[in-house]
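Numbering of ligands and ligand atoms starts at 1, following listing order.
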Amino acid sequence: RAPKATPAVSKLPELPAVIVDPESGERYRRGRLLGKGGFARCYELTHLDTHYVYAGKIVPKERISKPSQREKMEREIAVHAQLRHPHIVGFHKHFQDAENIYILLELCRHKSLLHMLKLRKHLTEPEVRYFMLQIIEGVRYLHSHCVIHRDLKLGNMFLTDTMGVKIGDFGLAAKLEFEGDRKRTMCGTPNYIAPEVLGKIGHSFEADVWALGCIMYTMLVGRPPFETSSLKETYARIKHNKYHFPETLSPVAKEIISDLLSSDPEERPPLEVVIDHEFFTQGFVPETLSPTACVTAPDFPI
Ligand SMILES: COc1cc(C(=O)NC2CCN(C)CC2)ccc1Nc1cc2c(cn1)c(C)nn2-c1cc(Cl)cc(-c2ccccc2C(N)=O)c1
């Protein structure tokens, strides 16, 4: 029998070294590839006049040829463009040319919490207090603007020069249209998916609170609470709320994480209650963190 032909994956055309915004004529030098996510490739883009450096997400139009893919891209831009907050990644502008869609975002030079955790294995409680308080402020801002992020995860928590946290990647975000509105579908699979999203019974802001519980557990323990080698088993553990705490975790950390990981969305505390929990009020919170210290394992527990 003739050998099976390998499916041809269309090779993307080389991107130009200088990218021009057709409407404004502004030019950007394309620097190094920072990473890939979904259909996007992310490069350092330097404005040739101001020399300002952006994280430029570039999406080839041929990769989003279906109407549903185009609508998803347009929704991500529409949601992110309206947001402005110290703990939300800055949205500068977007434009397109014949081949690509370009989204210019705030560059976060210390990458993300995912990169940091990979170097550190797990973080200390003071560091988790420092990062969680900023992430919670960002999520409170989103919810106050009727936006559910729906894919809060360490890889979307970007770190600035001063180790500040900025929430990014609004590719799965949704805007609720009215009080009590609930979403029943989602195109794409969040990393820390809540039980009500799995059960397709309708989800809202509480799905983000669940993800915050997963993020906090992962930073302290070094692995996600429901992680297994099989997606089916992971989903079964989420549905049955099956996870364990290592003995090393303090009782207050266990208590707030358990609240955030309540199976019933209505039992998860509102974020204004979370920040008043003893874990955040009774423990040392660093004013600042040093970039170098953060990415090297401490010799002693701080
Ligand atoms: C200097 O700033 C950065 C350096 C690096 C870096 O050194 N990456 C190295 C990874 C290993 N390879 C071999 C060499 C490059 C990563 C992110 C940076 N900053 C940054 C990225 C940003 C944003 C703001 N700031 C925003 C907003 N979005 N993204 C963004 C966008 C997309 Cl499409 C992918 C990813 C992405 C990059 C890598 C892994 C994971 C991801 C991910 N999906 O988050 C990130």
side-chain contact (heavy atoms from CB on, under 4.5 Å) filter on K166, not counting sequence neighbours, yields V89, E106, C108, T160

Sorted by chain and residue number, the side-chain contact (heavy atoms from CB on, under 4.5 Å) partners of E23 (sequence neighbours excluded) come out as D21

Residue pairs passing the ring-ring contact (aromatic ring centres under 6.0 Å, His included) test with at least one member in residues 66-90, sequence neighbours excluded, are H80-F91, H80-F170, H85-H87, H85-Y141

Note to self: Please tell me whether H203 and R150 have a donor and an acceptor in their side chains that are separated by less than 3.5 angstrom.
What the structure shows: yes

**Prompt:** Taking atom types as modelled, is there a side-chain donor on E125 or S250 under 3.5 Å from an acceptor on the other?
**Reply:**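 Their side chains do contain a donor-acceptor pair, which is all the 3.5 Å distance test asks for.
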
Discussion item. List the protein residues in contact with ligand 1, where contact means a heavy-atom separation under 4.0 angstrom.
Written reply: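 Within 4.0 Å of ligand 1, the protein residues are R32, L33, L34, G35, K36, G37, A40, C42, E44, A55, K57, V89, L105, E106, L107, C108, R109, K111, H115, G155, F158.
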
Give the C-alpha distance, both sets of side-chain angles, the deciding distance and a yes or no for side-chain contact (heavy atoms from CB on, under 4.5 Å) between K93 and I103. CA-CA 6 Å; K93 69 186 289 194; I103 308 173; over 6 Å; no

